[in-house]
Amino acid sequence: MAQQEASESDAATSPSEQAIVVTGTRRTDRTVLESSAPVDVFSADDFKAQPAPQLQTILQTLVPSFNQQRNLLGDASAFIRPPTLRGLPSDQILVLLNGKRVHRSALVQLQGGALNAGAQGADLSQISSAAVGRVEVLRDGAAAQYGSDAIAGVINIGLRRDTGYEVTARYGQSYAGDGEDTQLTAFYGAELGENGGFFNTTFEFIDQNVFDRSVERPAIAPLAALGITPDRPTGNRLGGPENRAYRATINTEIPAGDTIFYAFANYGYQRQGNDFNYRSPRTVTHLPIPGRPGTNSTGRAVPINYLTQIGFDAQGRPQWDLNGATFDIFNDSRFPDQANGFIPFFEQTNEDIGIVGGFKGDMSGVNYDFSLMYGVNQVRYFMSDTINASLGPNTPTEFYMGKFVQREFNFNGDFNTEAEIGLAEPLFIAWGVEVRREAFEVGLGDTPSWQIGPYASQRLFQCTLNAAPVPCSTPGASAPTFVRTQVALPGSNGFQGFGPASVIEGGRNNYSGYIDLDATLIEGLDVGVAARYDYFDDFGDTFNGKLSVRYEITDAIALRGTASTGFRAPTPGQQFTQNLTTGFPFGSTVPLGTLVARPDSEIGQFYLAESLTPEKSVSFSGGVVIQPGGGFNVTIDYYNIEVTDRIGLSGQINPNIVNANGQTDAQFLLAQGVAEAAELGAVRYFTNAFDTRTQGFDVIISHEADTGIGRFNTNLAVNYNTTEVTDRKVINGTLASGRVLSNFQPVDDVRVGNIEESVPRWRAVLSTSWREDIFDATARVSYFGSFTSFFDPITSGIGPTPTAGGINTLADAQALYPVPFAKKFDAQASFDIEVGLTFFEKYRIAVGAQNLFDTLAERETRNIFAGTGGAANGSIYNDNSPIGWMGGFWYARVTASF
């Protein structure tokens, strides 16, 4: 709710130490170095020399404590990549556009990695980087000033305010020759009236192709020996998805006397696609993971359907003839594309609209700002080249799986004034109110995408004649004898559509009021106090406060610090999301369903889930600002953030453990009519599960110099960050199936390890830009410290049987493959460079390279198959690697400005 009265363009053209900040303070006379909290300010010039078109990827290169990972097979998380700031998840980062809150993405990050599992934050990629005039990153807790979500910090994006024409075209591709990337942008701006009014608009088009860094899956070679050739040589592609995006932005201000009317809006639409895991048409054997004899085979992906029904048992369940007619999707002329197996192709459309309108001015010495915001994000899912195995021969091969929709409405009234009360400077007083409506919807998919077909669960019977199996219709055949139950996963294979059990719509209202005081008690000593009250109609109320202090010891040295409390209410998406995906839980070598259950659902209640409550935080920061002269500026800031009752996805619960009564949870649930239990491999749900302490420090050193060979701007930014899980929830109880859930920790050891270690503790960016006459250049080195990744190893095949790998007992196996399985990955560095030439003052051409020396991520060594050098899905790198999988990338850019 910050007022943004400072001129974006004026601030951007000032020296960095004089840039006025509007984030973290409601005053309009504070510079970066005068702020009581650390704020990074980046101008449009910082964005022009970037190799990537996406805004949050650009921020990753500029802000050391801002990170994101690839999430290759993370369903929609591969498309909407959740960032982290200071080691905290995306929904603890508040995003503002021109000082106004940006609505959330509709995606709840079910596959977003350990730090973001279950998070629902704003989608920064929907804002065109070409429309940005300035970005401020507040690295401090600010819930008392801005409300829910501002625990890790605040990112305030200021849209361009300039006028004129500008057209840019950019093309690049990886050194390997794939990942072609095209960006076209157009900007137009005009003055309105003679009092500073303006109107501008930006259009952007992005077309990115897939890059692939996979190796053969272990099943590919033995399948090729049988004459079976998948569509992809390695089975499926792993790297980056294909993406086509269209974005538009409008920004305008119209002065009318003492009042300024303003409006801005952004629209984004993108369609992205990604391969899912290859589905094998045969069971084949191959070389195992060394020392793991149970990993020497890959099973057939979907079962044969048995079509001949021979009656019903005493409970009314259908009986199927094991020797009757059958349907094999891999050997049927109606589905010729499936003969070599299939690779489900997952697509997402992401449509985003944000509109803000308001007016601001001065009345009797009181500044006012009234605004209305409406934002909506809709994510729709599609799948092709896949099947619903439970429908047998009636399955389609293309599906619409449903949608997520997030809608938000905000009203803000903000006021500020100054009062002379005898202090060194007038007391600054700001206050305001906010009304928010936030709603979330899960939309129904096409019926076949979630339908439980007649072949979902088949009780197979066999008849014999003269001791030989025969169809039960054979004259003289014996009475049917039960053999086994066969299960075929219902719904679209790879990502089940949203059925009636998932469809829901709900929301909440939030009413807030705040006051913010800023005083210069004596010359050089500034003190700020902020307080905020929030009422949620589903969670009750909360009160939060913030104290900030800055003391200028000398003109060259100042101390600063803050202390604050914060909160984050559970999002409607976290409360209402439920879906089923397929993967390889608990070491399965065939895809099984992983269900994210709503806490109030049948399966959630079965596993003792409880209603969600808000997260709470306490933050402290302290630092020093040093201005020694000679063009140097130095800031050093320490931070400590404690968050309790953090919301996230629970660890996986195995529903296929056999109880003392000989029954699994999945079998019990199926018998109770819970259809989602069919072919279920793991269960998760949202819960308030753990507490954390995050602490670290930032060091920023900047230097500006005019020399005989040009002007240099150099910045070194270093971040050290560590997170500790200080407490975990424990669940004890007896399930309805009779299974005792003893000391179950929703956040398991694997996730604790990844929360604490999967992001490098050390990150640094050293960059320098140079300009002389018509020439310019930018060079950057990004350093990523070591990190450690944890996961559960494949455990099938471990037992007392001696193996060639020397594993003779279960204890031997556990010593070689501990749970959780940890691996440390070494530190790495990446170099970027861009060289530009401006001619006729209007045209600029530039060439550059990202990851100039083609540094690749360190290879994974765990769960690697001897015959391929890769994992079961063909991956060879760790998904947490901050340097990425692409390697070197070159590009060229042409810009014309008038």
Side-chain angles (χ1 to χ4, degrees), residues 6-21 30-35 38-51 58-59 61-65 132-137 139 552-558 560 623-637 697-719 763-783 829-839 841 844-850 852 893 895 897:
S7 169
E8 305 278 2
S9 57
D10 291 346
T13 56
S14 301
S16 61
E17 67 269 20
Q18 297 299 320
I20 300 297
V21 296
R30 291 290 184 257
T31 67
V32 171
L33 298 179
E34 292 172 342
S35 171
V39 182
D40 299 318
V41 179
F42 304 101
S43 70
D45 288 340
D46 295 308
F47 283 68
K48 289 179 179 178
Q50 295 292 331
I58 293 174
L59 286 174
T61 68
L62 296 174
V63 182
S65 59
V132 175
R134 169 187 173 97
V135 172
E136 297 180 358
V137 180
R139 294 177 277 110
E552 192 171 285
I553 300 174
T554 69
D555 290 342
I557 301 176
R560 63 187 181 186
V624 59
V625 178
I626 305 172
Q627 302 176 74
F632 283 95
N633 293 293
V634 180
T635 63
I636 304 172
D637 293 279
F697 60 84
D698 294 291
V699 178
I700 310 293
I701 303 173
S702 63
H703 181 251
E704 298 179 355
D706 280 312
T707 71
I709 58 171
R711 180 174 181 83
F712 290 86
N713 288 289
T714 303
N715 287 275
L716 172 64
V718 179
N719 171 252
R763 172 87 197 282
V765 178
L766 174 62
S767 62
T768 187
S769 62
W770 164 81
R771 180 179 294 276
E772 173 64 10
D773 196 18
I774 64 173
F775 301 100
D776 67 89
T778 298
R780 180 186 307 107
V781 56
S782 297
Y783 171 83
S830 174
F831 295 83
D832 305 335
I833 190 168
E834 178 174 304
V835 179
L837 170 67
T838 301
F839 52 98
E841 299 182 350
R844 180 178 183 267
I845 59 174
V847 294
Q850 180 183 33
L852 177 67
R893 181 189 291 115
T895 302
S897 303

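Computation of the quantities below employed the complete heavy-atom set of this structure, encompassing side-chain atoms and omitting hydrogens, waters and symmetry-equivalent molecules.
- Note that CD of Glu136 and OG of Ser35 are 9.0 Å apart. Values are rounded to the nearest 0.5 Å.
- In this view, Glu772 satisfies the salt bridge (Lys or Arg N to Asp or Glu O under 4.0 Å) rule with no residue, not counting sequence neighbours.
- In this structure, Trp770 contributes its side chain and Phe775 its backbone to no donor-acceptor pair below 3.5 Å.
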**OP:** Start with the C-alpha distance between Leu766 and Thr714, add both sets of side-chain angles, then the distance that settles side-chain contact (heavy atoms from CB on, under 4.5 Å), and finish with yes or no.
**Re:** CA-CA 8 Å; Leu766 174 62; Thr714 303; 4.1 Å; yes
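- Heavy-atom minimum distance, Ala829 versus Val781: CB-CG2, 4.4 Å.
- Side-chain contact between Val135 and Leu59: present, with at least one pair of heavy atoms (C-beta onward) separated by less than 4.5 Å.
- Of all non-hydrogen atoms in Ser65 and Arg139, the two that sit nearest each other are OG-CD, 4.0 Å.
- Across all non-hydrogen atoms, the minimal contact from Thr61 to Val765 is O-CG1, 3.5 Å.
- Not one N or O on the side chain of Arg560 forms a donor-acceptor pair closer than 3.5 Å with the backbone of Val625.
- Interatomic distance, CG of Asn633 versus CD1 of Ile626, reported as 10.0 Å (0.5 Å rounding).
- To the nearest 0.5 Å, atoms CG (Asn715) and CD (Glu704) are separated by 8.0 Å.
- For Phe831, the ring pair (Phe, Tyr, Trp, His ring centres under 6.0 Å) test picks out Phe853, with sequence neighbours left out.
- With rounding to the nearest 0.5 Å, the separation of CD1 in Ile774 from CG in Leu837 is 4.5 Å.
- Here the shortest heavy-atom pairing between Val63 and Phe42 reads CG2-CE1, 3.6 Å.
- Val699 pairs by the side chain to side chain contact (heavy atoms under 4.5 Å, CB included) definition with Ile636, Phe697, Ile701, Val718, not counting sequence neighbours.
- Paired with Arg711 under the rule salt bridge (charged side-chain N to carboxylate O under 4.0 Å, His left out), one option of Asp776, Asp706, Asp45 passes, and it is Asp706.
- Heavy-atom minimum distance, Gly630 versus His703: O-NE2, 3.1 Å.
- Evaluated for a side chain to side chain donor-acceptor pair (under 3.5 Å) with Glu834, the options Arg780, Gln850, Arg893 yield exactly one hit, Arg893.
- Separating the CG atom in Asn713 from the OG1 atom in Thr768 is a distance of 7.5 Å, to the nearest 0.5 Å.
- The two residues Phe712 and Gly710 make their nearest non-hydrogen contact at CD1-O, 3.8 Å.
- Rounding to the nearest 0.5 Å places OG of Ser767 at 8.5 Å from CG of Leu716.
- Side-chain N or O atoms of Thr554 include one that pairs as donor or acceptor with a backbone N or O of Ile557 at under 3.5 Å.
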